[in-house]
Amino acid sequence: MFCFLTIFMLTSVNVYSILNYGPRYPPTKGEVWPKPQHEITELTYYIFDPSTFKVKETNNTCDILTSAIERYSYIVRSLKPQRDQRPISRTERRQRALQAQTLKLGVLQELQVQLTEPCEDYPHLEMDEKYKLSVTAVSVLTSASVWGILRGLETFAQKFYISDDINELRINTSVVEDFPEYAHRGLLLDTGRHYISVPNILLTLDAMAMNKMNVFHWHIVDDQSFPYQSEKFPDLSLYGAYHSSMVYTKYNIVQIVEYARLRDIRVLPEFDVPGHTRSWGNAYPNILTPCYRGNEVEGLGPMNPIRNITYKMIRDLFHEVQARFPDKYLHIGGDEVQMQCWLSNPEIRKYMRKNGLKVEKLYALFMKNTIPLLADGSKIVVWQEVFDEDVPLTNDTLVQVWKDNWVEEMVKVLEAGRRVIFSSSWYLNYQLDEWATFYIADPRCMVRNATGKDSLPAGVIGGEACMWGEIVDDRNIISRVWPRASAVAERLWSAPTSSQHRRYYCETSPQPEVYHRMEEHVCRMNRRGIAAQPASGPGFCLV
């Protein structure tokens, strides 16, 4: 008995922990996400009075700028302090009064918006997003590009915060000079596995603009459903959509593209071929390959690569799609093709024997035949398998790396003279991976450390967080994407690229200040109607 008690007492020592009152990571006040490249912020501040504040356009203007000023004016004016009824001590009251006497500089009067060059109509891959913001009584936002102005307006809106006594809306004196580290900062949304409603897509675009992401990669159809409503091939969605109400009409697409344009977001549609196409076969089974088990057909597989009707349909559909989506790039997929189905098909085996082809070369032939079918002047994005199987690709082709051994794959693509979009570390459908895991992945840093070359990493033009749709739908899509995608957004906008000894510096974990800024940003998103899930444990948010 004594022995048992002794063991119990020894093993019971130090098994408790002391918890402190309040949030695990108290949020910052007026800190920007993603973090600007260069920022000087002082303790002095201005008070925001909606009755006197105004925004003035002092140079070029256009519908994009006018819409943005209206939108951000509403956002800032909607930040209303909520008085806290809890009592405060005399000491704290005196400290606040002293702070107001010494740090308050007066009322914020005006924001002058100086767009020095004419507007562009649509965002594009190499667009200029640089801006400079000076916050004083008469604040000034300057950029040569309307896209830079939009990024600066988001920064300006994020710098407002509510005072500790919750009586005032403040903004600190500051100077920001900012630009993105990566040109392509994307979010993939899969609407083929689960249909995502148009309002939730628009809300996703709002969240992307808050996080300065600029590419909405719309994986619009897949094996399970075909929600894109085609005018040339109406039977595709008539028989391939989950339900007649679960389609994206021509009007829906116009609405989404325009909504994105006004927020500096490109819409990159993906129509994956030759795999992930089973839903096409509900209306057009002849373009798919019958898969055999022995002498019996057991189902339909990838597109049939040896039939002319396959390519004619691809050409006609792609031309329609490209007429609806103004971006020069179209993602044509090319991943996860079930080549064993091709090998099981007697007609295809005969064709391969006649032409001396292995199945991998048949796949390469399909992709080689498909690429010229796009509209004139088109550029393509492909999944890495297309590169891996030696399909001839032009230098402006973007290769999206998503599989394991991603560093080796990126180096191969870059050394072949192609540019990379990185996604391997940023699959949001891996539910156990939280934002801090996504935050530390920096593809250029990976390439630099693997090769020792300073010039090669520049070919990584950006990356995408990927939200595949197997386990998300309208009810949880927003909370599963945000704030985890916010970590990717900051990595792509403000990735650290310099240190004392080398150009690329890799972080192994987020710095402590990042956790505090993330708390403020999550609350900020919730205030704007984006139901981002809590980031890092206990806390609260006034919305």
Side-chain angles (χ1 to χ4, degrees), residues 32 34 36-38 53-76 109-136 138-159 175-186 202 205-206 208-216 253-269 322-330 375-379 396 398 461-462 492-493:
V32 178
Q37 300 286 355
H38 306 288
F53 177 76
K54 57 185 178 181
V55 180
K56 182 179 179 182
E57 300 170 57
T58 64
N59 208 321
N60 293 283
T61 189
C62 61
D63 64 325
I64 300 172
L65 180 54
T66 301
S67 174
I69 289 174
E70 292 177 357
R71 185 167 65 252
Y72 282 104
S73 295
Y74 175 79
I75 288 170
V76 174
Q109 301 172 18
E110 183 176 271
L111 173 64
Q112 296 182 357
V113 178
Q114 299 179 351
L115 175 59
T116 61
E117 298 292 336
C119 294
E120 296 176 303
D121 290 331
Y122 287 97
H124 53 92
L125 177 59
E126 305 294 350
M127 61 187 163
D128 178 10
E129 296 176 276
K130 297 190 301 292
Y131 66 90
K132 181 176 180 179
L133 173 65
S134 175
V135 178
T136 59
V138 177
S139 300
V140 179
L141 171 60
T142 306
S143 179
S145 162
V146 69
W147 317 121
I149 294 293
L150 264 59
R151 300 310 181 203
L153 286 171
E154 179 60 44
T155 293
F156 182 70
Q158 290 191 17
K159 291 188 74 66
V175 175
V176 178
E177 294 188 38
D178 202 12
F179 55 88
E181 198 64 44
Y182 290 86
H184 184 116
R185 306 179 307 281
L202 299 182
L205 294 172
D206 283 330
M208 290 178 66
M210 283 192 71
N211 289 273
K212 295 187 173 74
M213 301 181 92
N214 64 1
V215 180
F216 173 49
I253 291 170
V254 169
Q255 179 187 16
I256 289 167
V257 169
E258 177 64 6
Y259 200 88
R261 179 183 79 96
L262 294 175
R263 288 156 180 77
D264 185 20
I265 298 171
R266 301 163 52 207
V267 181
L268 174 65
Q322 292 184 278
R324 293 187 181 181
F325 293 90
D327 202 276
K328 288 292 184 183
Y329 280 90
L330 176 68
D376 293 341
S378 300
K379 300 177 182 180
D396 55 18
L398 306 181
I461 63 162
L492 291 171
W493 180 276

Close side-chain approach of [X] and [Y], heavy atoms under 4.5 Å:
X: Arg185; Y: Met208; value: no
X: Leu153; Y: Leu111; value: yes
X: Ile69; Y: Thr66; value: no

Working to the nearest 0.5 angstrom, can you tell me the gap between [X] [atom1] and [Y] [atom2]?
X: Met213; Y: Leu205; atom1: CE; atom2: CG; result: 11.5 Å
X: Asp63; Y: Leu262; atom1: CG; atom2: CG; result: 6.5 Å
X: Glu129; Y: Met127; atom1: CD; atom2: CE; result: 4.0 Å
X: Glu177; Y: Leu133; atom1: CD; atom2: CG; result: 10.5 Å
X: Arg151; Y: Arg263; atom1: CZ; atom2: CZ; result: 11.5 Å
X: Leu125; Y: Lys328; atom1: CG; atom2: NZ; result: 13.0 Å

Give me the atom names and distance for the closest heavy-atom approach of [X] to [Y].
X: Leu330; Y: Pro269; answer: CD1-O, 3.5 Å
X: Asn211; Y: Pro34; answer: O-CD, 3.6 Å
X: Asp396; Y: Tyr329; answer: O-OH, 3.1 Å
X: Asp121; Y: Trp147; answer: O-CH2, 4.1 Å
X: Ala183; Y: Asn214; answer: O-ND2, 2.8 Å
X: Ser139; Y: Thr136; answer: OG-O, 2.8 Å

| said: My understanding is that only residues two or more places apart in sequence, or in another chain, count here; which of them pass ring pair (Phe, Tyr, Trp, His ring centres under 6.0 Å) with Phe53? | reply: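 For Phe53 the ring pair (Phe, Tyr, Trp, His ring centres under 6.0 Å) partners, ignoring immediate neighbours, are Phe48.
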
| Arg71 to Tyr74, cation-pi by 6.0 Å centre distance and 45° axis angle |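 No.
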
| message | Tell me every residue that passes salt bridge (charged side-chain N to carboxylate O under 4.0 Å, His left out) with Glu154, counting only those two or more places apart in sequence or in another chain. | response |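 With sequence neighbours excluded, Glu154 shows a salt bridge (charged side-chain N to carboxylate O under 4.0 Å, His left out) to Arg528, given in chain and number order.
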
| query | Does Asn59 have any side chain to side chain contact (heavy atoms under 4.5 Å, CB included) partners at least two apart in sequence or in another chain, and if so, which? | reply |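 None.
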
| query | So which of Ile149, Leu115, Val146 actually passes side chain to side chain contact (heavy atoms under 4.5 Å, CB included) with Asn60? | reply |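 The passing option is Leu115.
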
Flag, side chain of [X] to backbone of [Y], donor-acceptor distance under 3.5 Å:
X: Arg324; Y: Val257; answer: no
X: Asp128; Y: Lys130; answer: yes
X: Gln158; Y: Met210; answer: yes
X: Asp178; Y: Tyr131; answer: no

| task | Please say which of Arg261, Arg266, Lys379 ends up in a salt bridge (charged side-chain N to carboxylate O under 4.0 Å, His left out) with Asp327. | result |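 Testing each of Arg261, Arg266, Lys379 against Asp327, the sole residue satisfying salt bridge (charged side-chain N to carboxylate O under 4.0 Å, His left out) is Arg266.
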
| query | Does the side chain of Tyr259 pick up a donor-acceptor pair with the side chain of Asp206 at under 3.5 Å? | reply |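 A pair is found: one side chain offers a donor N or O, the other an acceptor, under 3.5 Å apart.
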
